Structures are given as C-alpha cells and as structure tokens.
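Working notes, beginning with the structure itself.
Only a predicted model underlies this, so the values are computations on that prediction, with no experimental measurement involved.
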Amino acid sequence: LKKIPPGSDVMQAGSSVIKSVVVVRDLGVFLDAQLSMREHISRTAQVCFYHLRRLRSIRQLLGRDVTLKLVVALVFSRLDYCNAVLAGLPAVTLAPLQRVLHAAARLVNGLRPHDHITSALKELHWLPIAQRIDYKLCLLVHKSVIGIAPAYLTNLLTAVADVPSRFALRDASNGNFVVPRTRLKLGDRAFSVAAPLAWNRLPTELKTSRSTAVFKRGLKTFLFRIAYNN
C-alpha cells in the first residue's frame with residue numbers, strides 16, 4: 001500500500017484510503033467540519049427560494065388558498081425537516097431561513113417586497129424559525145414523556161423527579177428535566193441540553209398533558225405569544 005504522508009487530506013483504514021471532506025450529507029442534513037450548520041441552512045434556503053420563485057410565476061392562477069397549501073408542502077416541509085439540529089444557533093446564522101419565511105408570507109398574502117411582514121405572519125399564525133425549532137424540541141420531549149419517542153432520544157433525558165437528591169424540589173413536581181452542564185458553547189446545542197431548556201420554560205399544565213393533539217395546540221399557542229409578545 002502507498003504510504004500516506006503526514007498532514008495529507010486522506011487517511012488509511014485497513015486497505016481503504018479515505019479522503020477527508022469539508023461537508024458530509026447524512027439523512028438529508030449537511031454537516032460541516034465545525035458543525036456550524038451554515039452549509040445546511042444555505043442549501044435549504046436555496047431550495048426553498050427556488051420553489052417560491054416557481055410558485056410566484058403562477059400565483060395569480062392558483063389563488064391564496066392553493067398557494068398556501070403548496071407553500072406548506074414544498075417549503076415548510078424543508079424548513080422544519082430535522083430542524084432540531086439547529087438548536088442554539090444565533091439569529092444571524094438562522095437569518096436565511098427567516099428570510100424564506102418572510103418571502104413565503106409575502107407570496108401567500110400578495111404583499112410587495114417592502115411591505116411590513118409581522119402582521120402577515122401573525123395572520124397566518126406562522127411561528128418564526130427560532131420558535132419552530134423550540135416547537136420540534138418540545139414535541140420530541142413530550143413524545144419521550146408519553147413513551148412513544150425512540151429510545152436513543154429518551155435515554156438522553158433525565159427527569160428531575162428521578163434524581164434522588166432533587167425529587168422533592170419544585171422542578172420535580174413541575175415535570176422539568178435536568179439540564180446538563182457543558183464546558184463549551186457547542187455543548188449547549190446538544191439535544192440533551194437544548195431540549196430540557198426549551199421544555200422547562202413551558203407552563204406546568206402543558207408539560208403534564210398526555211394528549212399529543214392537545215399538547216401541540218397548546219405549545220403552538222404558547223410559542224406564538226412569546227414570538228409576537230401577545
């Protein structure tokens with residue numbers, strides 16, 4: 001076998017030579033070497049804007065209701081896909097996805113590029129990107145609570161009530177989860193940290209709901225009020 005020189009961008013594993021890359025794709029999510037998620041966000045925004053441009057060309061033929069359904073099917077399905085991996089990212093990094101949301105609202109409501117967008121988002125009852133991420137995190141925790149989430153997610157969560165030294169605290173009776181301490185900012189984005197943080201902010205009556213349908217309605221209402229200060 002040919003010897004791999006030190007500092008090369010390839011590595012040898014047995015008889016196989018593997019070349020390093022900056023970005024890899026796993027289950028439709030683009031992961032870069034720094035886990036900044038910028039590549040994934042950029043590509044998602046590009047695909048979403050492509051579909052919005054196509055819909056804009058036939059907007060007058062479709063009408064508002066059909067346009068709304070197509071935006072949900074073609075754009076929101078991509079905005080919300082695996083968006084829990086974007087937890088903890090700064091607003092400036094999520095900005096391209098928020099611009100997609102604004103463009104979609106303008107398309108559905110027939111607004112001009114510089115028209116005020118907040119009222120349109122509220123009328124459509126669309127959550128901003130940051131709250132959409134929190135929605136996904138909390139929904140996954142809820143499914144863990146009622147026992148229908150995958151074990152690999154459930155095993156990352158520890159209820160305060162299950163910690164012997166803390167079961168008598170108010171956090172335990174409120175249905176909260178332990179938030180692990182991390183040494184690096186990157187660690188705060190892990191599901192085991194970001195999910196309990198989002199969950200613990202919910203009202204107690206919402207956290208104790210066993211009905212997924214009721215929980216989803218209440219969760220969206222709660223996050224909507226936070227997003228738009230209602």
For this session: Take Val23 and Leu31 through the test side-chain contact (heavy atoms from CB on, under 4.5 Å) and record every step on the way to the result.
Result: CA-CA 5 Å; Val23 178; Leu31 304 171; 6.0 Å; no
Exercise. Is it true that Asp115 and Arg106 make a salt bridge, defined as a side-chain N closer than 4.0 Å to a carboxylate O?
Worked result: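 The answer is no: the pair does not qualify as a salt bridge.
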Exercise. Are any of the side-chain nitrogens in Glu123 or Arg64 under 4.0 Å away from the carboxylate oxygens of its partner?
Worked result: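 Counted as a salt bridge, because a side-chain N and a carboxylate O are separated by less than 4.0 Å.
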Exercise. Picking from Phe215, Tyr135, Phe177, what satisfies ring pair (Phe, Tyr, Trp, His ring centres under 6.0 Å) with His142?
Worked result: Phe215
To check you understand the geometry: which heavy-atom pair defines the closest contact between [X] and [Y], and what is its length?
{"X": "Asn109", "Y": "Ala120", "answer": "ND2-CB, 3.5 Å"}
{"X": "Leu94", "Y": "Leu89", "answer": "CD1-O, 3.9 Å"}
{"X": "Leu101", "Y": "Arg132", "answer": "CD1-NH1, 4.4 Å"}
{"X": "Ile146", "Y": "Thr212", "answer": "CD1-OG1, 3.4 Å"}
{"X": "His51", "Y": "Val75", "answer": "CB-CG2, 4.4 Å"}
{"X": "Leu137", "Y": "Ala194", "answer": "CD1-O, 3.9 Å"}

Taking the side chain as every heavy atom from C-beta outward, state whether [X] and [Y] have any atom pair closer than 4.5 Å.
{"X": "Leu97", "Y": "Leu86", "answer": "yes"}
{"X": "Lys143", "Y": "Thr154", "answer": "no"}
{"X": "Cys138", "Y": "Leu202", "answer": "yes"}
{"X": "Val47", "Y": "Arg43", "answer": "no"}
{"X": "Phe191", "Y": "Leu153", "answer": "yes"}
{"X": "Val29", "Y": "Met37", "answer": "yes"}
{"X": "Gln46", "Y": "Ser42", "answer": "yes"}

Keeping [X] on the side-chain end and [Y] on the backbone end, is there a donor-acceptor pair under 3.5 Å?
{"X": "Ser57", "Y": "Arg54", "answer": "yes"}
{"X": "Asn200", "Y": "Pro196", "answer": "yes"}
{"X": "Arg189", "Y": "Lys185", "answer": "no"}
{"X": "Gln131", "Y": "Ala227", "answer": "no"}
{"X": "Asp32", "Y": "Gln34", "answer": "yes"}
{"X": "Arg59", "Y": "Val108", "answer": "yes"}

Problem set entry | side-chain contact (heavy atoms from CB on, under 4.5 Å) evaluation trace for Tyr81 with Thr44 | CA-CA 10 Å; Tyr81 177 72; Thr44 300; over 6 Å; no
Would you kindly confirm whether [X] and [Y] end up in one hydrophobic cluster when ILVMFWY residues are joined by side chain heavy atoms under 4.5 Å apart?
{"X": "Leu124", "Y": "Val66", "result": "yes"}
{"X": "Phe30", "Y": "Val100", "result": "no"}
{"X": "Leu62", "Y": "Tyr50", "result": "no"}
{"X": "Tyr152", "Y": "Val141", "result": "yes"}

Problem set entry | Chi angles and distances behind the side-chain contact (heavy atoms from CB on, under 4.5 Å) call for Ser36, Thr93 | CA-CA 8 Å; Ser36 69; Thr93 304; over 6 Å; no
Exercise. Is Arg201 close enough and on-axis enough to Phe222, meaning under 6.0 Å and within 45°, for cation-pi?
Worked result: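 No, a cation-pi geometry is absent between Arg201 and Phe222.
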Please check if the number of heavy atoms outside [X] that lie under 6.0 Å from its [atom1] is greater than 12.
{"X": "Lys220", "atom1": "NZ", "value": "yes"}
{"X": "His125", "atom1": "NE2", "value": "yes"}
{"X": "Arg38", "atom1": "CZ", "value": "no"}

Exercise. Looking only at side chains, do Asn176 and Lys207 share a donor and an acceptor under 3.5 Å apart?
Worked result: yes
Working to the nearest 0.5 angstrom, can you tell me the gap between [X] [atom1] and [Y] [atom2]?
{"X": "Gln98", "Y": "Ile117", "atom1": "CD", "atom2": "CD1", "answer": "9.5 Å"}
{"X": "Asp134", "Y": "Ile226", "atom1": "CG", "atom2": "CD1", "answer": "8.0 Å"}
{"X": "Leu127", "Y": "Thr221", "atom1": "CG", "atom2": "OG1", "answer": "9.0 Å"}
{"X": "Ser192", "Y": "Leu197", "atom1": "OG", "atom2": "CG", "answer": "10.0 Å"}
{"X": "Thr67", "Y": "Ile58", "atom1": "OG1", "atom2": "CD1", "answer": "7.5 Å"}

For this session: Show the numbers, then the answer: is there a side-chain contact (heavy atoms from CB on, under 4.5 Å) between Leu79 and Cys48?
Result: CA-CA 8 Å; Leu79 286 180; Cys48 290; 4.2 Å; yes
Problem set entry | Pair Lys136-Asp80, salt bridge (Lys or Arg N to Asp or Glu O under 4.0 Å): steps then yes or no | CA-CA 8 Å; Lys136 180 66 69 63; Asp80 295 336; over 6 Å; no
Exercise. Does the gap between the ring centers of Phe224 and Trp126 come in under 6.0 Å?
Worked result: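 No, they do not, as the ring centres are separated by 6.0 Å or more.
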